[in-house]
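The structure that follows is given in the form of structure tokens.
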There are 2 protein chains.
Amino acid sequence: MLKDIIENNQNYQPGLSIDCVIFGFHDNHLKVLLIKVPRSTKSSLPGGFIPIDQDIDTAAVTVLNSRTGVEGVFLRQFATFGKISRNDQHFGKNVLEYLKIEEEKGKWLTQRFVTIGYYALVDFLKIIPNPVNHDEIVEWIDHKEVPELILDHKEILDKALDTLRTELNLMPVGYNLLPEKFTIPELQKLYETILDKKLDRRNFLRKITNIGILTKLDEKKSNVAHKAPNLYSFDKEKYDEVLKNGLTQGW
Amino acid sequence: MLKDIIENNQNYQPGLSIDCVIFGFHDNHLKVLLIKVPRSTKSSLPGGFIPIDQDIDTAAVTVLNSRTGVEGVFLRQFATFGKISRNDQHFGKNVLEYLKIEEEKGKWLTQRFVTIGYYALVDFLKIIPNPVNHDEIVEWIDHKEVPELILDHKEILDKALDTLRTELNLMPVGYNLLPEKFTIPELQKLYETILDKKLDRRNFLRKITNIGILTKLDEKKSNVAHKAPNLYSFDKEKYDEVLKNGLTQGW
DNA sequence: CATAAATGTGTTATTATGACGCAATGTACT
DNA sequence: AGTACATTGCGTCATAATAACACATTTATG
């Protein structure tokens, strides 16, 4: 796969890549989709290269889709990373030798790569992690337990989370991360996880319902300990409207 | 200059450029620094290419500095643009012929370029617009009177303004755009211009002073019609603190 | 059947916001 | 010189948003 790309590097945008931070929410934990290559001790964000005949946004959708199988999800560009040292030595001579790539073509790969970061919010349950290469492991990792990552991928991940945290003040979040029916405590837990702080139960309910994007269902969650919480769903129409216009701003 | 870059294109990141939206504020109007090339009917944003041995942020500072002569200003990356059609036909055969560039090397330039957008906030009065090429005209244009721009530069400019508008809710703005001493009505006008809406005088004063970044000076503006407004300055220490921690957020 | 842990639904005090009143200041015109 | 006018400075008041907290309800568990 990588060898194919290098051999046909004239079909790809040189020196430019895409990395996706794919967020999911499951079991009240925020998860990130990571790739593990057996020969390496470090994990990485799912990424890819950009065909010269594709918009970068389209290429990002392709990366996301090829890894998760989902379509039509929330995907947003958040930053571009281009320190000169960011991929020093990453594809060293040994890797090129291993892949049987001649030095001249290897230059395409070993130059400094600038990478465009996208973050995605996906429904954990609809995802089928898909290893593009046979020896890869694609897995969900709790965002609090992210192992050492290659290159500057940790920085990219942190920036994605920071962006998401900021955007929580500008837009509603949840439609893409929660199942069709969910409870307020689940939604609150999502907010708390992203913000990394506790929120007051009662104030959260008031504020989130005031946005006007929730529909209270005549149904309670089953098989739970203690009092069964009510189920809600998003009013997609109003949700999209608020997404488009943004939450009420300060000025 | 452009010819030099193409001739030595191995020294530059291929297929990648930087474009800067440089905002200034003067005479109660928000201005944008634009480049006009005499032979072209369209203007453009000041931009440049990325030396392979420079961080992209550094390259952006270089672009800004070479155009305006200022250093240490507010510069922020806001988005990356990479539609495949974005520079179709921009450097056509005629341009290459004009620059006497052989076809093979011209490919470096005529491929799809992805551009990284940065926006800067600068003190209008400290700027010395500097044409890098002898036949360029560098000028401040009122943001409401921006002429037709090349490529997708209008889209880039709009996105920059939109980002600035959003960030007004997250951080204080003004230190980089106003002179040392300024009046509240001037600061309000800046906010109104960016937000493109009228604000109430009295409520604005209350809200802006509550942030705690202003120092009221014992001095009034001179040579003004009507009642002379008081002068203020920013408390740089507190300003930077708020910039770092952000304005109080919703959640 | 009492307990523990969670949910549903409030109240209250404080603060922030939006809409507006009015006096003070300084220019410009008669 | 005196008055009209635009603009600033400093308020008020009603309403909305927020933070902190109280209490009853539901349901698994021992």
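Note that the structure is a prediction, hence the values are computed from the model and not measured.
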Contacts of type side-chain contact (heavy atoms from CB on, under 4.5 Å), residue L125(B), not counting sequence neighbours: H26(B), D123(B)
Any residue meeting ring-ring contact (aromatic ring centres under 6.0 Å, His included) with F234(B), in chain and number order, not counting sequence neighbours: F182(B), Y239(B)
With V73(B) via side-chain contact (heavy atoms from CB on, under 4.5 Å) - residues at least two apart: L64(B), V70(B), V122(B)
N-O pairing of E136(A) and R67(A) below 4.0 Å: yes
Contacts of R76(A) that satisfy side chain to side chain donor-acceptor pair (under 3.5 Å) - sequence neighbours left out: E167(A)
Those residues that, when tested against E219(B), pass side chain to side chain donor-acceptor pair (under 3.5 Å) (two or more places apart): K181(B)
Positional range of nucleotides in DNA chain D within the contact set of chain A, heavy-atom, under 4.0 Å: dT18(D) to dA28(D)
Residue list, ring-ring contact (aromatic ring centres under 6.0 Å, His included) with H226(A), at least two apart or on another chain: none
Separation of dT17(C) P from Q249(A) CD (nearest whole Å): 12 Å
Where protein sits on nucleotides 1-15 of chain C, one letter per nucleotide: B base, S sugar-phosphate only, - none, heavy atoms under 4.0 Å: ----BBBBBB-----
T166(B): partners by side-chain contact (heavy atoms from CB on, under 4.5 Å), with sequence neighbours left out: L170(A)
